[in-house]
Amino acid sequence: MRIFDSRAKEKVEFKPIKDNEVRIYVCGPTVYDDAHLGHARSAIAFDILRRTLKALGYRVLFMKNFTDIDDKIIKKMQDSGKSLKEITKYYIQRYLEDMDALGVQRADIEPKATENIDAMIAMIEKLLEKDCAYKIPNGDIYFDTSKDEKYCSLSKKCDEEQLSRIEPNPHKKNPADFALWKACKEKDYCFDAPFGKGRPGWHIECSAMINRHLAYHDMPYQIDIHAGGADLFFPHHENEAAQTRCATSQELAKYWMHNGFVTISGEKMSKSLGNSFFIKDALRVYDGEVLRFYLLSTHYRSPLNFNEEDLLQAKKRLDKLYRLKKRIYPIQNTPKANEFQKAILEALSDDLNISKALAVMDNFIAQANENLDQNPKDKALKKEIASNIASLTEIIGIGGKDPFSYFQQGIDEETKQKIEELIQRRSEAKKAKDFTKADAIRQELLDMGIALMDTPQGTLWEKI
RNA sequence: GGCGCCAUAGCCAAGUGGCUAAGGCAGGAGCCUGCAAAGCUCUGAUCCCCGGUUCGAAUCCGGGUGGCGCCUCCA
């Protein structure tokens with residue numbers, strides 16, 4: 001496995017810290033609003049990383065956090081009159097629903113910031129003790145970046161001119177210093193701590209939770225891979241790395257991975273630009289797996305410009321997989337470590353080269369269709385095809401649904417019955433060689449958005 | 001202003017020093033079909049521009065042009 005390490009800025013050979021085990025931490029969402037397509041893309045990208053590593057034989061421990069205490073949540077709390085817990089519980093639930101719909105596997109560990117305040121306090125105390133942090137007059141506690149010799153070794157983005165753009169604070173010792181703890185203010189949401197009532201800054205949670213739930217404590221690195229959106233590279237990840245280094249004398253992660261953005265009309269999707277596209281809204285129109293497939297079909301580090309036409313193109317490609325699955329119905333099988341799986345894994349082993357993997361898939365589909373044309377009743381062949389589809393489901397998370405319902409998404413029972421009836425009538429007309437009538441019925445269905453296909457298995461239909 | 005990324009056929013998208021530049025969508029031709037659909041086969045680009053390095057570059061270097069991102073909450 002080769003991955004692009006953001007710190008090295010190049011592809012490097014992946015070697016786990018210990019044996020065959022891989023520990024991965026992905027920065028999860030701040031739960032003050034519904035998740036948008038950017039969250040979806042990040043989640044899917046690292047879901048495939050996880051699945052690939054598993055398929056390659058690694059034991060993977062995967063952790064993704066929920067930031068459930070933060071300025072924006074507090075603002076929402078103040079504006080809505082709801083409790084912090086009510087708000088965060090609601091959005092965590094909705095996030096998980098979205099991820100399920102997108103076929104993103106649940107993390108092994110899903111810690112919440114508010115349930116790990118003690119770990120953060122312990123780490124801050126350690127930093128104070130080591131003189132890597134200091135308190136300013138209003139009670140805030142800052143991390144002293146000058147105490148970390150390796151500050152900026154991750155992002156390499158910290159020359160003085162850049163740091164001069166950071167909002168000046170006369171109490172900070174260095175421009176890049178950042179808040180570990182924010183002293184309690186009026187109408188705030190606070191926790192008790194030995195160094196004063198307050199709440200954690202944003203960066204400390206990841207370091208503290210990794211240290212508690214996921215880290216090796218007897219190795220130079222705490223975890224294997226730390227991943228997240230490209231916007232987190234600096235300052236978030238730089239700061240996390242610095243804290244952990246100072247508090248534990250270990251490096252936080254051996255490898256760092258960052259995914260590219262989803263853009264809309266070429267611009268980054270973000271709340272402040274008002275161009276976010278919520279996953280929930282997309283799911284009202286498109287099947288979750290279609291959305292997943294679309295978002296995963298561009299390499300994870302490239303920007304992906306969201307576009308409905310491209311999404312529909314992607315759907316047509318996925319349709320072909322499900323049509324093949326229809327042809328072998330109802331035969332199923334489990335994944336096999338055959339040439340096909342090997343080729344998929346080989347593609348993904350090159351920094352998740354999904355395009356190459358999908359090209360392997362397309363070739364397989366074409367070959368399988370041809371073989372089925374020649375040997376429509378070959379059960380061993382069908383078993384083999386089923387096994388390959390199962391590999392795709394396991395590694396890429398596609399093709400796992402029932403192929404008939406995949407093509408009938410969003411059609412209610414009543415309509416289904418009507419369709420079946422019309423198909424029946426058309427069959428009778430065909431039998432009577434009344435092709436005019438048969439074609440009229442087919443046209444009627446087409447006007448309803450239903451395409452028919454006469455196959456050896458009978459007349460099948462798909463929603464267009 | 002600093003740092004960084006990107007530019008490949010109508011569209012999406014791999015490839016990053018060397019046989020005929022993957023794959024998908026759309027288009028065209030054919031096979032199949034009562035006709036279709038689906039499926040299968042065939043079919044398209046010298047890689048933003050200029051200069052350089054090299055026996056050889058889409059691929060490396062320099063300079064342009066265009067687009068984007070980070071440096072502020074952000075996947």
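Just so it is clear, the values below take in all heavy atoms, side chains as well, and ignore hydrogens, waters and symmetry mates. Every chain is numbered from 1, with letters handed out A, B, ... down the list of sequences.
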Considering only side-chain heavy atoms of [X], which listed nucleotide, [options], is closest?
{"X": "Asp454(A)", "options": "rA75(B), rC40(B), rA36(B)", "result": "rA36(B)"}
{"X": "Asp310(A)", "options": "rC11(B), rG34(B), rA75(B)", "result": "rC11(B)"}
{"X": "Arg323(A)", "options": "rC70(B), rA75(B), rA38(B)", "result": "rA38(B)"}
{"X": "Lys72(A)", "options": "rA75(B), rC73(B), rC40(B)", "result": "rC73(B)"}
{"X": "Lys157(A)", "options": "rC70(B), rG39(B), rA26(B)", "result": "rC70(B)"}

What nucleic acid atoms does [X] come within less than 4.0 Å of, heavy atoms only: base, sugar-phosphate, or nothing?
{"X": "Lys316(A)", "answer": "sugar-phosphate"}
{"X": "Val26(A)", "answer": "nothing"}
{"X": "Phe233(A)", "answer": "nothing"}
{"X": "Asp373(A)", "answer": "sugar-phosphate"}
{"X": "Leu452(A)", "answer": "base"}
{"X": "Ala366(A)", "answer": "sugar-phosphate"}
{"X": "Gly229(A)", "answer": "sugar-phosphate"}

Determine which nucleotide pairs with [N], using a 3.5 Å limit on both distances of a Watson-Crick or G-U wobble pair.
{"N": "rG62(B)", "result": "rC50(B)"}
{"N": "rC68(B)", "result": "rG4(B)"}
{"N": "rU41(B)", "result": "rA29(B)"}
{"N": "rC55(B)", "result": "rG18(B)"}

Classify the ring geometry of Phe66(A) against Tyr95(A): parallel below 30°, tilted from 30° to 60°, perpendicular beyond 60°.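 Perpendicular, since the angle between the ring planes exceeds 60°.
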
What's the [atom1]-[atom2] distance between [X] and [N], to the nearest Å?
{"X": "Asn307(A)", "N": "rG24(B)", "atom1": "CG", "atom2": "P", "result": "20 Å"}
{"X": "Tyr300(A)", "N": "rC5(B)", "atom1": "OH", "atom2": "P", "result": "15 Å"}
{"X": "Met269(A)", "N": "rC68(B)", "atom1": "CE", "atom2": "C1'", "result": "15 Å"}
{"X": "Leu321(A)", "N": "rA38(B)", "atom1": "CG", "atom2": "P", "result": "17 Å"}
{"X": "Lys9(A)", "N": "rC70(B)", "atom1": "NZ", "atom2": "C1'", "result": "10 Å"}
{"X": "Leu348(A)", "N": "rA22(B)", "atom1": "CG", "atom2": "P", "result": "21 Å"}
{"X": "Glu238(A)", "N": "rU72(B)", "atom1": "CD", "atom2": "C1'", "result": "17 Å"}
{"X": "Leu445(A)", "N": "rA36(B)", "atom1": "CG", "atom2": "P", "result": "18 Å"}

Quote, to the nearest angstrom, the [atom1] distance that separates [N] from [M].
{"N": "rG66(B)", "M": "rC50(B)", "atom1": "C1'", "result": "15 Å"}
{"N": "rG56(B)", "M": "rG51(B)", "atom1": "P", "result": "16 Å"}
{"N": "rA14(B)", "M": "rU8(B)", "atom1": "P", "result": "11 Å"}
{"N": "rC70(B)", "M": "rA75(B)", "atom1": "P", "result": "12 Å"}
{"N": "rC6(B)", "M": "rG15(B)", "atom1": "P", "result": "11 Å"}
{"N": "rC32(B)", "M": "rC19(B)", "atom1": "P", "result": "39 Å"}
{"N": "rA13(B)", "M": "rA58(B)", "atom1": "C1'", "result": "15 Å"}
{"N": "rC25(B)", "M": "rU43(B)", "atom1": "C1'", "result": "16 Å"}

Contact under 4.0 Å: [X] side-chain N or O vs [N] OP1/OP2:
{"X": "Lys11(A)", "N": "rU16(B)", "answer": "no"}
{"X": "Lys326(A)", "N": "rG39(B)", "answer": "no"}
{"X": "Arg327(A)", "N": "rA38(B)", "answer": "no"}
{"X": "Ser302(A)", "N": "rA14(B)", "answer": "yes"}

What residue pairs, at least two apart or across chains, pass ring pair (Phe, Tyr, Trp, His ring centres under 6.0 Å) with a residue in residues 271-291 of chain A? Phe277(A)-Phe306(A)

Using heavy atoms to find the nearest nucleotide of RNA chain B for His299(A) and Met453(A) separately, return the residue whose nucleotide is more 5′.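 Final value for this comparison: His299(A).
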
Can you work out whether Leu304(A) or Ala438(A) has the more 5'-proximal nearest nucleotide on RNA chain B?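 That would be Leu304(A).
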
What distance separates [X] [atom1] from [Y] [atom2], expressed to the nearest 0.5 Å?
{"X": "Glu394(A)", "Y": "Gln341(A)", "atom1": "CD", "atom2": "CD", "answer": "6.5 Å"}
{"X": "Ile225(A)", "Y": "Met257(A)", "atom1": "CD1", "atom2": "CE", "answer": "6.0 Å"}
{"X": "Tyr294(A)", "Y": "Leu311(A)", "atom1": "OH", "atom2": "CG", "answer": "6.0 Å"}

Does Lys72(A) make a cation-pi contact with Tyr32(A), if we ask for NZ or CZ under 6.0 Å from the ring centre and within 45° of the axis?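 Because its charged atom sits under 6.0 Å from the ring centre and within 45° of the axis, Lys72(A) does stack over Tyr32(A).
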
Evaluate the pair Cys27(A), Cys206(A) and indicate whether the two SG atoms are within a distance below 2.5 Å.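 The answer is no, since Cys206(A) and Cys27(A) keep their SG atoms 2.5 Å or more apart.
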
Gln443(A) vs Asp447(A), test: side chain to side chain donor-acceptor pair (under 3.5 Å). Steps then yes/no. CA-CA 6 Å; Gln443(A) 187 57 45; Asp447(A) 293 342; 3.0 Å; yes

Residues within residues 351-361 of chain A bordering RNA chain B, heavy-atom distance below 4.0 Å: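 Nucleic-acid contacts, sorted: Asn353(A), Ser355(A), Ala359(A).
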
Is a donor-acceptor pair below 3.5 Å formed from side chain [X] to base [N], judging by atom type as modelled?
{"X": "Arg301(A)", "N": "rC5(B)", "result": "no"}
{"X": "Gln313(A)", "N": "rC11(B)", "result": "yes"}
{"X": "Asp231(A)", "N": "rG69(B)", "result": "no"}

Reference residue Asp287(A); test salt bridge (charged side-chain N to carboxylate O under 4.0 Å, His left out); the match among Arg292(A), Lys463(A), Lys401(A): Lys401(A)

Any Glu384(A) side-chain heavy atom under 4.5 Å of Phe340(A) side chain: no

Is any side-chain heavy atom of Arg51(A) closer than 4.5 Å to one of Asp47(A)? yes

